[in-house]
Amino acid sequence: MQEKEKAQGFKYDFTPAEIKALLFHSKKCPKCEGELSKEKTCEQVRGEDVNSVSDPFFVPSILVNHYGYIFRCQKCGKVFTLAQLAEKH
């Protein structure tokens with residue numbers, strides 16, 4: 001198994017609705033009302049992949065850990081992204 005290179009930066013990407021859902025909404029499955037468990041995801045990308053005109057903080061040649069969250073229902077097993085849960089509320 002190949003070891004990941006050490007990242008030199010990190011990034012979280014949340015809209016205001018996603019932050020509200022993450023912090024304040026109940027963590028119940030929209031399909032069956034089962035309890036949702038939160039899982040942190042991490043994708044390692046190059047700095048140029050997350051640079052933009054509005055967000056020019058990353059150097060193109062560095063590695064960046066891009067973090068996010070998914071939610072898995074303990075009852076039915078369905079998986080939801082934070083964006084999906086934010087639009088349900």
Side-chain angles (χ1 to χ4, degrees):
M1 182 188 318
Q2 185 179 4
E3 296 242 351
K4 275 187 171 178
E5 290 183 58
K6 184 171 171 37
Q8 298 162 310
F10 67 92
K11 180 176 180 147
Y12 286 89
D13 240 349
F14 301 118
T15 65
E18 291 171 345
I19 291 172
K20 185 178 174 187
L22 181 65
L23 297 177
F24 302 113
H25 293 164
S26 70
K27 305 306 184 281
K28 297 289 181 188
C29 178
K31 300 291 182 194
C32 72
E33 294 296 316
E35 187 174 330
L36 295 175
S37 63
K38 179 173 66 172
E39 299 174 22
K40 191 174 191 177
T41 62
C42 178
E43 176 185 20
Q44 204 169 61
V45 296
R46 291 258 165 226
E48 64 263 11
D49 294 336
V50 292
N51 264 355
S52 69
V53 173
S54 64
D55 192 13
F57 296 111
F58 295 101
V59 178
S61 61
I62 68 169
L63 284 176
V64 177
N65 284 338
H66 191 188
Y67 294 104
Y69 292 102
I70 60 169
F71 295 84
R72 187 178 310 275
C73 179
Q74 298 299 307
K75 190 174 177 183
C76 69
K78 291 204 181 289
V79 177
F80 301 93
T81 65
L82 185 54
Q84 290 171 320
L85 293 179
E87 72 183 26
K88 300 281 184 197
H89 287 32

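One is the number of the first residue; the rest follow in order along the sequence.
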Listed partners of Glu33 passing salt bridge (charged side-chain N to carboxylate O under 4.0 Å, His left out), at least two apart: none
So do Phe80 and Cys29 actually touch side chain to side chain, heavy atoms under 4.5 Å?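 Yes, at least one pair of side-chain atoms sits under 4.5 Å.
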Do Lys38 and Leu22 touch side chain to side chain, with heavy atoms closer than 4.5 Å? yes
Contacts of Tyr12 meeting ring-ring contact (aromatic ring centres under 6.0 Å, His included) (sequence neighbours excluded), chain-then-number -> Phe14, Tyr67
Measuring from [X]:[atom1] to [Y]:[atom2], what's the distance to the nearest 0.5 Å?
X	Y	atom1	atom2	result
Phe71	Thr81	CZ	OG1	9.0 Å
His25	Leu82	NE2	CG	10.5 Å
Leu36	Lys28	CG	NZ	8.5 Å
Gln44	Lys6	CD	NZ	10.5 Å
His66	Thr41	NE2	OG1	8.0 Å

Leu85 reachable from Ile70 in the ILVMFWY side-chain graph, under 4.5 Å edges: no
If you look only at pairs with a residue in residues 63-76, which of them pass as a salt bridge (Lys or Arg N to Asp or Glu O under 4.0 Å), with sequence neighbours excluded? Glu39-Arg72
Please check if the number of heavy atoms outside Lys78 that lie under 6.0 Å from its NZ is greater than 12.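 No, the 6.0 Å shell around NZ holds no more than 12 heavy atoms from other groups.
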Which atom of Gln74 lies closest to which atom of Ser37, heavy atoms considered: NE2-OG, 2.6 Å
